[in-house]
J.: 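Pasting a structure here, questions to come.
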Amino acid sequence: QVQLVESGGGLVQTGGSLRLSCAASGIFDRILDMGWYRQAPGKERELVAAITTGGSTNYADFVKGRFTISRDNTKVYLRMNILKPEDTAVYYCNAVFRSPWGREYPYWGQGTQVTVSS
């Protein structure tokens, strides 16, 4: 059993900041790549940022220079600065877990709401 739990979402004004956290727990050998995705009502889920086991990062164009992804052991973070109304969405944590028997599976958190007011 594996679980990902996000936290840190909330309501913020344009130009404000938030920091999202995602904590992993359960039975697994390792956590491989991790990332943050977001989905607004009526829109497709899209990649926000990703980070590899080696610490290499990748960002969507619409967050470059504003968001920073980082990880530490079983946790991954997303620092969001200069937030815009267009950033309003449910943010999901994603991680690839390797099971004790060697299989790799992607898992999703339940999501945390981020709302940016004009």
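Side chains included, hydrogens not; waters and symmetry mates left out as well; all remaining heavy atoms used.
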J.: Tell me, with the steps shown, if F67 and V48 meet side chain to side chain contact (heavy atoms under 4.5 Å, CB included).
T.: CA-CA 9 Å; F67 292 8; V48 176; 3.7 Å; yes
J.: Below 3.5 Å, can you tabulate the donor-acceptor pairs from side chains in residues 54-63 to any protein atom, sequence neighbours excluded?
T.:
| residue | atom | partner | partner atom | Å |
| --- | --- | --- | --- | --- |
| Y59 | OH | I69 | N | 2.9 |
| D61 | OD1 | K64 | NZ | 3.1 |

J.: Between CH2 of W36 and CD of E46, what distance do you get to the nearest 0.5 Å?
T.: 15.0 Å
J.: Among residues two or more places apart or on two chains, list those pairs meeting side-chain hydrogen bond (donor to acceptor under 3.5 Å, both in side chains) that have a residue in residues 83-97.
T.: R38-D87, R38-Y91, R66-D87
J.: Distance check, rounded to the nearest 0.5 Å: R45 atom CZ versus Y37 atom OH?
T.: 9.5 Å
J.: So which heavy atom on A89 is nearest to which on A40, and how close?
T.: CB-N, 3.9 Å
J.: Answer with yes or no whether the hydrophobic clustering places L47 together with V90; edges join I, L, V, M, F, W, Y residues whose side-chain heavy atoms lie under 4.5 Å apart.
T.: yes
J.: Report, one line per pair, each donor and acceptor closer than 3.5 Å where one atom sits in a side chain of residues 6-35; sequence neighbours left out.
T.:
| residue | atom | partner | partner atom | Å |
| --- | --- | --- | --- | --- |
| E6 | OE1 | Q110 | N | 3.0 |
| E6 | OE1 | G111 | N | 2.9 |
| E6 | OE2 | C93 | N | 2.8 |
| E6 | OE2 | G111 | N | 3.2 |
| T14 | OG1 | S117 | O | 2.7 |
| S17 | OG | N81 | OD1 | 2.9 |

J.: Using the ring centroid of each side chain, check whether Y107 and F97 are separated by less than 6.0 Å.
T.: yes
J.: Go through T68 and L78 one step at a time and tell me if the side chain to side chain contact (heavy atoms under 4.5 Å, CB included) criterion holds.
T.: CA-CA 6 Å; T68 302; L78 184 68; over 6 Å; no
J.: V96 versus Y105: any side-chain heavy-atom pair under 4.5 Å?
T.: no
J.: So does R71 have more than 12 non-hydrogen atoms from other groups sitting under 6.0 Å from CZ?
T.: yes
J.: In Å, rounded to the nearest 0.5 Å, how long is the span from CD of Q39 to CD of E44?
T.: 8.5 Å
